[in-house]
There are 2 protein chains.
Amino acid sequence: MDADDTRNRVLQAAGKIFAESGYELGTVREICEQAGANIAAVNYYFGDKKSLYLAACVEAQCVREGAVPMPEWPPGTPPAQRLRDFIHTFLRRLLEEERPAWHRQLMLREMATPTEACSQVVEDYIRPMALVLRGIVEELLPAGTSEVDAFLIGFSVVAQCLFYHINQPIASRLMGTDEYGRLTIDKLTEHITRFSLAALGYAAPLTRPAGQAEFVSHERAH
Amino acid sequence: MDADDTRNRVLQAAGKIFAESGYELGTVREICEQAGANIAAVNYYFGDKKSLYLAACVEAQCVREGAVPMPEWPPGTPPAQRLRDFIHTFLRRLLEEERPAWHRQLMLREMATPTEACSQVVEDYIRPMALVLRGIVEELLPAGTSEVDAFLIGFSVVAQCLFYHINQPIASRLMGTDEYGRLTIDKLTEHITRFSLAALGYAAPLTRPAGQAEFVSHERAH
DNA sequence: GCACGATTGAAACAAACGTTTGAATAACTG
DNA sequence: CAGTTATTCAAACGTTTGTTTCAATCGTGC
């Protein structure tokens, strides 16, 4: 029996069960049963339940980041385009179905109700993206924009993406399950990008036909 | 000993503890100890723990709605102004400190990680606001706007408000605790209103000085 | 004051949980 | 092959939890 195999089986089962049921309701016995391992394996390989949970969160973060990497833009890429790509990437990380599904679901749980154990993991997940977005926003804004306003604008963009991740049950209910289920990542990307760029003056407002010049030529007061 | 008093003491203690610790970690023993009641009181007054939780959620919803009522607008109030008031009210419900604090915190928990027991309570909390917002958005949009787009626009507005409710720990960390702590509900109202109205063409984009005509005269294609 | 229903309290129950223990088994190395 | 280390297992431990039980006490109405 391969040691890495047992450890990994427990970790995968743990991720799945913690993602479905959360930390408290997910039990060590259930995890080990599903992993085909003895209950003492948790103590042997991870030390205790809490450390197993942390290991699962770290695994989820690594896999998710690796599966949907942040794009690399050639120099001179307009910030509006980079914003679109950022939103698309972020939405893919948040919403894209993957097999197995637990990585995304576990990160969702951790973001919705943070545990002390994984606050650093979540921050490691979020901060690189926050830095990318910050760079984009700074290029979109005129010089002299306050730091607070820049943050608020970034939050407004991120909030729209997170909404479909965190509030999916409520949104689905308000909109109707069928209609909501037809929303695609591309559709949401287009909407959020346009809403945000319009707010910043880089796209026509949503009350104007989208066929009009979508990217408004915009001179920056440098 | 007044029966309503014991029942109410248990309910208040439960709300507080469920808000702080969640359903699983909040124990019947701790609740009864804090309420100065015997453990059998839960079965006697509420039936079981789950029903006690439901009663606490219902209480939180009623109190919260009562404390921050949705405004009533005189006929002819411009939709942009109504949107501002809506956002302000919503933010107050989400963010405004109140004593005791558990009503808001419990609704936050329920919205972040919905339980089966309270999905109807949350919907009862959200749906009236969704209807108000929908009315406002429909007046802001040109005739012929698809229902899906109207929903997405409403979600974009709501998402920005919810962000400061649900993602407060992360946002605080990215922005710095001091800076974040200085954000007021009025400041957020101004930002979210302007971002949203600019996206819809009713305000100058955020890249233009706010001093310019803040409410853009807007003719609707009716 | 009495009867009845409401309320409260202490003790107990049964189940579940994370963790530990120590022996058995398997794997590895010289 | 023997010794050592690694891994696995079943049983047990101690604690906690929601719930139940039933008697005692309290409150109310006639």
Side-chain angles (χ1 to χ4, degrees), chain A residues 1-59 102 106 109-110 113-118 121, chain B residues 1-59 102 106 109-110 113-118 121:
Chain A
M1 186 66 77
D2 183 39
D4 283 346
D5 187 53
T6 300
R7 187 184 186 281
N8 189 54
R9 279 188 287 108
V10 171
L11 183 61
Q12 300 296 321
K16 186 167 185 295
I17 287 169
F18 284 142
E20 284 169 7
S21 313
Y23 180 74
E24 297 299 331
L25 287 184
T27 67
V28 168
R29 280 175 173 80
E30 190 186 356
I31 288 165
C32 292
E33 184 177 332
Q34 192 168 122
N38 182 273
I39 207 166
V42 169
N43 172 274
Y44 186 77
Y45 287 106
F46 299 98
D48 58 13
K49 181 184 181 183
K50 191 168 177 181
S51 303
L52 172 60
Y53 184 73
L54 178 61
C57 285
V58 170
E59 172 85 0
W102 68 264
L106 193 57
R109 265 192 192 274
E110 262 307 308
T113 49
T115 59
E116 287 288 344
C118 296
V121 178
Chain B
M1 185 68 79
D2 183 42
D4 283 345
D5 186 51
T6 301
R7 186 182 188 280
N8 188 53
R9 277 189 287 110
V10 171
L11 184 61
Q12 299 296 322
K16 186 169 186 289
I17 287 169
F18 285 143
E20 282 169 9
S21 311
Y23 179 74
E24 298 299 330
L25 287 184
T27 65
V28 169
R29 280 175 173 81
E30 189 186 356
I31 288 165
C32 292
E33 182 179 332
Q34 191 167 122
N38 184 272
I39 208 165
V42 170
N43 173 274
Y44 186 76
Y45 287 107
F46 299 96
D48 58 14
K49 181 182 178 181
K50 192 169 178 179
S51 302
L52 171 61
Y53 183 73
L54 178 58
C57 286
V58 170
E59 172 85 3
W102 67 263
L106 193 58
R109 264 192 192 276
E110 261 306 306
T113 48
T115 59
E116 287 287 343
C118 296
V121 177

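The chains referred to below are lettered A, B, ... by the order of the sequence lines, with proteins before strands, and numbering in each begins at 1. Just so you know, these numbers use all the heavy atoms, side chains as well, and skip hydrogens, waters and symmetry mates.
Rounded to an integer number of Å, the gap from B/E33 CD to C/dA10 P is 13 Å. Going from atom CZ of B/R29 over to atom C1' of C/dA10 covers 12 Å, rounded to whole Å. At whole-Å resolution of the value, NZ in A/K50 and C1' in C/dT19 are 15 Å apart. The interatomic distance linking B/F46 (CZ) with C/dT7 (P) rounds to 12 Å, in whole Å. The separation between B/D5 atom CG and C/dT7 atom C1' is 13 Å, rounded to whole Å. If you measure from atom OH of A/Y44 to atom P of C/dT20, you get 15 Å, rounded to the nearest angstrom.
Looking at every heavy atom in both residues, A/A13 comes nearest to A/I31 through CB-O, 3.6 Å. When all heavy atoms of A/A117 and A/K50 are compared, the closest pair comes out as CB-CE, 4.1 Å. Taking each heavy atom of A/C118 and A/L54 in turn, the nearest pair found is SG-CD1, 4.0 Å. The two residues A/I39 and A/C32 make their nearest non-hydrogen contact at CA-SG, 3.6 Å.
Of the listed nucleotides (D/dT19, D/dA10, D/dA6), D/dA10 has the atom at the smallest distance from the side chain of A/N38. Of all nucleotides listed (D/dT19, D/dA11, C/dA6), D/dA11 comes nearest to the side chain of A/I39. The side chain of B/K49 sits closest to D/dG18 out of D/dG18, D/dA12, D/dT8. Counting only heavy atoms from C-beta on, B/A40 has its side chain closest to C/dG9 among D/dA10, C/dG9, C/dT19.
The shortest distance between the side-chain N/O atoms of A/T6 and the OP1/OP2 oxygens of D/dT7 is not below 4.0 Å. For B/Y45 and C/dT8, the shortest distance from a side-chain N or O to OP1 or OP2 is below 4.0 Å. At D/dT19, none of the side-chain N or O atoms of B/N43 fall inside 4.0 Å of OP1 or OP2 (strictly under the cut-off).
In this structure, B/E110 and B/F18 have side chains that are not in contact, with every pair of non-hydrogen atoms separated by 4.5 Å or more. Side-chain contact between A/Y44 and A/T6: absent, with no pair of heavy atoms (C-beta onward) separated by less than 4.5 Å. Side-chain atoms of A/V10 and A/F46, non-hydrogen and from C-beta on, do get closer than 4.5 Å to each other.
Side chain of A/D48 to backbone of A/S51: a donor-acceptor contact under 3.5 angstrom is found.
Non-hydrogen atoms lying under 4.0 Å from DNA chain C are contributed by A/G26, A/T27, A/V28, all within residues 14-28 of chain A.
Axis deviation across the helix from C/dG1-D/dC30 to C/dG30-D/dC1 amounts to 10°, comparing end segments of five pairs, rounded to 10 degrees.
Applying the side-chain hydrogen bond (donor to acceptor under 3.5 Å, both in side chains) test to pairs two or more places apart or on separate chains, those with a residue in residues 12-28 of chain A are A/N8-A/Q12, A/Q12-A/W102, A/K16-A/E20.
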